[in-house]
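What follows is a set of notes on a single structure, which appears directly below.
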Amino acid sequence: MKADSRLRLGEMYLFENDEVAVVDGGGRGDVVAVFNPTTHLDNGGGDFWGRSFLRSRGFRPVGIVSKKINWFPVGATTEAIAAIKAASIAPKWAYGYSQGGYAALKFSAMLGAPAISLAPQYTIDPAETGPDVNRDYHRFFDAEAHSGMEISADDVHPGSRLVYDPAWTDDHWSAERIVSRCTVDVITVPGCGHDVPQLLVQTGALRHLFDSSPLEFQRFVQRNRMKSALYRLTIARRHRDAQRSLSALPWYLWAAISRETRSIALSEMRATLASASPLSVQVP
């Protein structure tokens, strides 16, 4: 174990090795094993991605938190899961997004709990993906640490769910391969690209993630998609990329209503209109 300023093992930190730490997020409800995305690495302070949300929903989150961007190497993660079992902690769900969504599926059978996996990768091995798919992640691939990292049927617990936007090419590539090899419930969500959590927050769907059937959840997101500024901005970009500038305009204006997307929506709208016409177009 490395000596550092983190809370003592046996309090919040139940286990750590060089790659991952296991952090008990507290609470008295059903346990959710949480795997982090690349943007929320272990910082030694005991907090982790998803902890506050799950606590607010009455769960007891237990984080399996990567110390670096590592896609949860099997050896190190197996040690972490053994520590969870040794502590008599039995998760009801495994949960994660992107890097963490991959791990939630990959280790769900080992944990003995179905996964809710948001926008997972099937692999980041460039020999499997080719040069274009998941290319931003290829530099994190380690041939030794990630040997056999692809998700197989034996990895996935029955009842697991895969949530993704099929219009996002990388995630669709991964989903196709996962579905062809594993039995999962697929939930498609529109107009968010890779940022599935943001869409779920903005539509109000996140609070239903653990207590709705896959079909009910998908229908809820579909009914409420217009509430999401991310959805409106994404649809504008897709019209723009298809060179349908005029049809992109109302979507950009609609996205600009929301403070969170106003600046980028207006900036992209100006650029789109300028490239579509030789005339100078004044946009307020």
Side-chain angles (χ1 to χ4, degrees), residues 37-40 49-50 52-53 56-57 95-101 116-121 133-134 136 161-176 186-277 279-284:
T38 60
T39 51
H40 292 70
W49 180 85
S52 297
F53 160 67
S56 74
R57 302 296 297 165
Y95 175 51
Y97 161 53
S98 192
Q99 170 192 259
I116 294 180
S117 172
L118 311 182
Q121 293 78 40
V133 173
N134 290 336
D136 291 342
R161 303 176 180 184
L162 193 167
V163 187
Y164 81 108
D165 178 357
W168 189 253
T169 303
D170 284 2
D171 290 349
H172 185 61
W173 183 93
S174 288
E176 282 190 322
V186 176
I187 301 172
T188 57
V189 292
C192 59
H194 191 59
D195 199 354
V196 173
Q198 187 175 351
L199 178 75
L200 301 187
V201 168
Q202 292 178 357
T203 59
L206 193 62
R207 65 181 182 272
H208 301 297
L209 190 57
F210 293 88
D211 56 16
S212 296
S213 72
L215 181 58
E216 289 171 338
F217 186 80
Q218 183 165 321
R219 286 175 173 171
F220 183 92
V221 176
Q222 188 69 24
R223 286 196 306 270
N224 291 277
R225 66 192 187 282
M226 296 299 182
K227 296 178 181 179
S228 169
L230 173 63
Y231 174 81
R232 302 192 297 267
L233 181 60
T234 302
I235 299 304
R237 288 168 169 170
R238 290 178 182 172
H239 281 283
R240 174 202 65 191
D241 293 345
Q243 298 184 336
R244 298 193 297 265
S245 301
L246 290 179
S247 59
L249 180 59
W251 289 99
Y252 273 127
L253 289 171
W254 202 357
I257 293 173
S258 298
R259 182 174 57 185
E260 59 207 304
T261 53
R262 182 175 301 147
S263 176
I264 188 66
L266 290 176
S267 175
E268 289 186 12
M269 184 171 64
R270 291 187 184 99
T272 299
L273 291 174
S275 65
S277 170
L279 300 176
S280 176
V281 181
Q282 296 298 315
V283 179

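Only a predicted model underlies this, so the values are computations on that prediction, with no experimental measurement involved. Quick note: numbers below take in every heavy atom, side chains included, and nothing from hydrogens, waters or symmetry partners. Residue numbers count from 1 along this sequence.
Formation of a donor-acceptor pair under 3.5 Å by the Q218 side chain with backbone atoms of L215 is not found in this model. Distance alone, capped at 3.5 Å, is enough to place a donor-acceptor pair between the T203 side chain and the L199 backbone. Between the side chain of S258 and the backbone N or O of E260 there is no donor-acceptor pair closer than 3.5 Å. When atom types are taken as modelled, the side chain of S212 and the backbone of L209 share no donor-acceptor pair closer than 3.5 angstrom.
The shortest distance between side-chain heavy atoms of R240 and S245 does not fall below 4.5 Å. Residues L118 and S98 fail the side-chain proximity criterion, which asks for heavy atoms closer than 4.5 Å. At a threshold of 4.5 Å between non-hydrogen side-chain atoms, the residues H194 and D171 count as touching. The side-chain heavy atoms of T234 and C192, taken from C-beta on, include no pair separated by under 4.5 Å. The side-chain heavy atoms of Y95 and W49, taken from C-beta on, include a pair separated by under 4.5 Å.
Residue L249 holds its CG atom at 11.0 Å from NE2 of H239, rounded to the nearest 0.5 Å. If you take CZ on R259 and CD1 on I257, they are separated by 14.5 Å, rounding to the nearest 0.5 Å. Put simply, CD on Q198 and OG1 on T261 are 8.5 Å apart, with the number rounded to the nearest 0.5 Å. From Y97, atom OH reaches atom OG of S117 across 11.5 Å, with rounding to the nearest 0.5 Å. Summarising the geometry, atom CG belonging to L162 is positioned 11.5 Å from atom CD1 belonging to I116; distances are rounded to the nearest 0.5 Å. Here the straight-line distance linking atom CD of E216 with atom CG of D211 works out to 9.0 Å at 0.5 Å rounding.
Taking every heavy atom of both residues into account, R161 and S213 meet most closely at NH2-CA, 4.1 Å. Considering all non-hydrogen atoms of both residues, A119 and V196 come closest at CB-CG2, 4.0 Å. Nearest heavy atoms, Q222 versus P190: OE1-CG, 3.8 Å. Closest approach of A256 to A265, counting heavy atoms only: N-CB, 3.9 Å.
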> Between R237 and W251, is a side chain to side chain contact (heavy atoms under 4.5 Å, CB included) present by the stated rule, with each step listed?
Replying inline: CA-CA 9 Å; R237 288 168 169 170; W251 289 99; over 6 Å; no

>> Run K227 and Q202 through side chain to side chain contact (heavy atoms under 4.5 Å, CB included) and show every step you take.
In response: CA-CA 6 Å; K227 296 178 181 179; Q202 292 178 357; over 6 Å; no

> Should Y231 and W254 be marked as a ring pair (Phe, Tyr, Trp, His ring centres under 6.0 Å) after you check the CA-CA gap, both sets of side-chain angles, and the distance that decides it?
Replying inline: CA-CA 10 Å; Y231 174 81; W254 202 357; 8.3 Å; no

>> One pair to check against ring pair (Phe, Tyr, Trp, His ring centres under 6.0 Å): H208 and F220. What are the steps and the verdict?
In response: CA-CA 9 Å; H208 301 297; F220 183 92; 4.5 Å; yes

> side chain to side chain contact (heavy atoms under 4.5 Å, CB included) between E268 and L233: does it pass, once the steps are laid out?
Replying inline: CA-CA 10 Å; E268 289 186 12; L233 181 60; 4.2 Å; yes

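R262 CZ: more than 12 foreign heavy atoms inside a 6.0 Å radius. Other residues, nucleotides and ligands place no more than 12 heavy atoms under 6.0 Å from the CH2 atom of W168. Summarising the local packing, CG of L246 is surrounded by 12 or fewer heavy atoms from other residues, nucleotides or ligands at distances under 6.0 Å.
Checking L206, N224, D195 one by one against L200, the side chain to side chain contact (heavy atoms under 4.5 Å, CB included) holds for a single residue, L206.
Note: H172 and Y164 have parallel aromatic rings, judged against thresholds of 30 and 60 degrees for the angle between ring planes.
Salt bridge status for R225 with D165: absent, with no side-chain N to carboxylate O gap under 4.0 Å.
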